[in-house]
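The figures that follow rest on heavy atoms only: side chains count, while hydrogens, waters and symmetry mates do not. Note that the coordinates shown come from a computational prediction; the quantities given were computed from them, not determined experimentally. Residue numbers start from 1 in every chain, and the chains themselves are labelled A, B, ... in the order their sequence lines are given, proteins ahead of strands.
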Amino acid sequence: MTIKIFNTISKKKEIFQSTQPNSVTMYVCGPTVYSHPHIGNARAALVPDVLFRLLKSKYQNVLYIRNITDVDDKISEAAFKQNKTVYEISNKFIKIYQDNMASLNILEPTLQPKVTDNMLNIIGTIEKILMNGFAYVSDNHVLFDTNKYKNYGELSKRTLDEMIDGARIDIADYKKSPRDFILWKPSDRNQPGWESPWGMGRPGWHIECTSMIKNIIGDDNTLDIHGGGNDLIFPHHENEIAQGSCMSSSKYCNFWFHNGIVLVNKKKMSKSLGNVILLDDLLGQNTPNSIRLALLSAHYRQPLNWSDSTLIESSNLIKKFSILAKSYTGDINSYNNLEEEMISILSDDLNTPEAIKYLSELAKSAKKNQRDLAALIKSADFIGLNLLVSTPHTKNIIDEDLVRSMINERVKARVAGDFKKADKIRDKLLSMGILIKDLEGETVWDYNPDN
RNA sequence: GGCUAAGUGGCAGAGUGGUCAUGCAGCGGCCUGCAAAGCCGUCAACGCCGGUUCGAUUCCGACCUUAGCCUCCA
């Protein structure tokens with residue numbers, strides 16, 4: 001069965017084909033580690049995670065690389081403000097990032113290279129570009145010469161003239177052309193710096209990705225899939241293609257894969273608008289499953305407008321699935337190919353809303369059909385939703401014995417016909433975050449997902 | 001201003017040249033001491049104007065609106 005994915009460079013849904021028959025190489029731009037990860041970082045990791053799971057179901061070897069940018073002026077700035085070293089900042093946020101992603105059941109990539117571990121490779125890559133005549137040294141900087149690379153703009157579909165006309169920035173005087181971008185720049189004493197043929201300095205923003213990719217897959221090999229947020233198409237990925245195509249003769253990458261951004265109140269999150277939603281906050285009040293489902297509720301290429309109701313809806317749905325899943329008593333392994341339909345849905349450009357619809361339909365038929373119930377559990381699991389293990393919210397720590405004794409008291413009151421008292425106890429439980437249901441012969445309880 | 005996307009029912013959000021999205025909410029019913037949950041049924045949409053077509057929400061063009069990018073950004 002084939003996988004179709006939308007390729008940004010052709011602007012079409014294409015049948016995915018890897019360069020090697022049983023292997024896939026995928027690179028996704030990871031975080032710059034200078035602050036707490038937000039919901040947008042989560043989407044940017046979660047979308048490739050679903051693709052990774054899908055690819056793994058069809059290919060023997062999937063090499064999934066997600067880098068860690070631990071050299072960046074934003075990190076230096078954070079270090080300066082907090083009176084800490086650059087490494088203290090980056091190590092702290094690497095740890096938080098990885099913990100947050102693990103909480104969301106996002107699988108670890110095969111490799112997570114760091115910029116600081118690749119400085120010699122980066123310098124080597126820049127030397128190759130210089131040697132091939134696509135870069136120049138000016139005032140201790142090394143710059144990519146965009147006028148030398150004739151396909152510049154092929155990803156973002158803009159011409160150099162358009163970019164120059166639309167430019168809102170002042171042109172640095174060491175640049176030959178306003179669109180030329182930095183491969184290497186000098187560092188002063190307060191900035192992290194490395195020895196290079198061009199003096200103490202540090203790499204520009206784009207070169208790290210190109211260098212790490214080529215270092216891992218080999219200069220003359222083509223990457224199968226390169227992913228990242230929509231907002232990275234220009235200039236970051238455009239510049240990567242330019243560099244990567246000019247350091248060796250091989251094509252840089254076959255499939256470009258971009259996820260839409262998360263909007264809050266219909267606007268992109270930004271510190272100035274004060275609408276940044278941090279994962280730490282979200283994870284304190286919601287189950288990983290509901291956050292995950294909420295992030296998958298829109299197609300990955302669409303913008304996702306985040307609101308309270310997004311989470312409420314997804315947590316209701318997850319609760320419905322989980323209750324059903326827990327009623328399953330059979331052996332899941334007695335059925336074959338339970339995930340087949342889910343795989344086929346995702347194979348069409350990762351259509352997660354369609355996948356959720358499928359789960360809803362399974363939930364409906366699962367009441368009468370054990371196989372569908374098993375399929376619900378397995379299919380949800382395929383997209384990383386574990387229905388069998390419920391994770392209570394961290395703030396919802398409850399004395400279960402107390403809950404049971406309150407329920408018993410209410411049962412007694414109901415038997416005695418004292419419904420006033422029974423309702424009072426029910427209200428009290430609700431205020432504690434406990435939802436009860438009177439089923440035939442017994443009363444069951446669960447955490448209230450809205451709480 | 002330039003570039004790139006998108007505009008679907010009360011909300012979220014897929015999809016399709018001619019029959020159902022789905023979820024939440026609403027409405028009617030079953031169930032219940034009453035609820036909650038569940039179940040059954042039900043209402044409702046394709047920004048605007050043209051064009052192509054026997055037929056368009058779906059294809060084409062203009063217009064309007066929104067978002068993103070053009071500066072760090074996932």
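Note on His38(A): a base of the nucleic acid sits closer than 4.0 angstrom, heavy atoms only. Counting any heavy atom pair closer than 4.0 Å across all strands shown, Ser156(A) reaches sugar-phosphate atoms only and no base atom. If you check every strand for non-hydrogen atoms under 4.0 Å, Arg43(A) touches nothing. Within the 4.0 angstrom heavy-atom criterion, base atoms lie near Val262(A). Residue Ser309(A) is out of contact with every strand shown, counting any heavy-atom pair closer than 4.0 Å. Looking at heavy-atom distances under 4.0 Å, Ile261(A) makes contact with a base.
Phosphate proximity of rC69(B) to Lys157(A): absent, as no side-chain N or O sits under 4.0 Å from OP1 or OP2. For rA74(B), one of the phosphate oxygens OP1 or OP2 lies less than 4.0 angstrom from a side-chain nitrogen or oxygen of Thr32(A). Distances shown here put a side-chain N or O of Lys320(A) below 4.0 Å from the OP1 or OP2 atom of rC24(B). Side-chain N/O atoms of Lys268(A) include none lying less than 4.0 angstrom from OP1 or OP2 on rA74(B).
Side-chain contact between Glu341(A) and Ser379(A) is absent, with no heavy-atom pair separated by less than 4.5 Å.
Put simply, the side chain of Asn118(A) gets close to the backbone of Lys114(A): a donor and an acceptor are under 3.5 Å apart.
A salt bridge does not link Lys428(A) with Asp423(A): every distance from a Lys NZ or Arg NE/NH1/NH2 to an Asp or Glu carboxylate oxygen is 4.0 Å or more. The pair Asp349(A)-Arg301(A) counts as a salt bridge, with a side-chain nitrogen and a carboxylate oxygen less than 4.0 angstrom apart. Ion pair Asp188(A)/Arg202(A) not flagged as a salt bridge, since none of the NZ, NE, NH1 or NH2 atoms sits closer than 4.0 Å to an Asp/Glu carboxylate oxygen. Between Lys421(A) and Asp418(A) there is no salt bridge, since none of the side-chain N atoms of the basic residue sits less than 4.0 Å from a carboxylate O of the acidic one. Ion pairing of Glu354(A) with Lys357(A) is present here, as a side-chain N (NZ or NE/NH1/NH2) and a carboxylate O approach within less than 4.0 Å. Ion pairing between a basic and an acidic side chain is recognised when a charged N comes within 4.0 Å of a carboxylate O; Asp231(A) and Lys268(A) show such pairing. Ionic pairing of Glu88(A) and Lys92(A) is not present here: no N-O contact between side-chain nitrogen and carboxylate oxygen is shorter than 4.0 angstrom.
Between Ile323(A) and Asn305(A), the residue anchored closer to the 5' end of RNA chain B is Asn305(A), taking for each the nucleotide with the nearest heavy atom.
With rounding to whole Å, Ile434(A) atom CD1 is found 16 Å from rA37(B) atom P. Rounded to whole angstrom, the span from the CG atom of Asn41(A) across to the P atom of rA74(B) amounts to 6 Å. Atom CG in Asn316(A) sits about 13 Å away from atom P in rG23(B), given to the nearest Å. In this structure, Asp349(A) atom CG and rG13(B) atom P are separated by 17 Å, rounded to whole Å. Between Ile356(A) atom CD1 and rC24(B) atom C1' the separation is 13 Å, expressed in whole Å. Phe257(A) places its CZ atom 17 Å from the P atom of rA74(B), with the value rounded to the nearest Å. Leu304(A) places its CG atom 20 Å from the P atom of rA5(B), with the value rounded to the nearest Å. Summarising the geometry, the separation between NZ on Lys266(A) and P on rG68(B) is reported as 12 Å, rounded to the nearest angstrom.
Here the nucleotide nearest the side chain of Ser360(A), chosen from rU22(B), rC24(B), rC40(B), is rU22(B). Taking only side-chain atoms of Glu361(A), from C-beta outward, the nucleotide of rU22(B), rA14(B), rC70(B) with the closest atom is rU22(B). For Ala298(A), the side-chain atoms get nearest to rG13(B) when compared with the rest of rC11(B), rA21(B), rG13(B). In the set rG68(B), rU22(B), rG15(B), rG68(B) carries the atom at the smallest distance from any side-chain atom of Lys267(A). Comparing rG15(B), rC69(B), rU71(B) by their nearest atom to the side chain of Asp231(A) picks out rC69(B).
In RNA chain B, runs of at least 3 consecutive Watson-Crick or G-U pairs, each pair with both distances below 3.5 Å, span B:1-7 with B:64-70, B:10-12 with B:22-24, B:26-30 with B:38-42, B:49-51 with B:59-61.
Using a 4.0 Å cutoff on non-hydrogen atoms, the parts of residues 407-428 of chain A near RNA chain B are Arg410(A), Arg414(A), Phe419(A), Asp423(A), Arg426(A), ordered by number.
The separation of rU53(B) from rC48(B), taken at their P atoms, amounts to 23 Å, rounded to a whole angstrom. As rounded to the nearest Å, rA44(B) and rC11(B) have C1' atoms that lie 13 Å from one another.
The base of rC34(B) lies close enough to the side chain of Asp438(A) for a donor and an acceptor atom to sit less than 3.5 Å apart.
Each of Tyr252(A), Trp256(A), Tyr27(A) was checked for a ring pair (Phe, Tyr, Trp, His ring centres under 6.0 Å) with His237(A), and the lone residue meeting it is Trp256(A).
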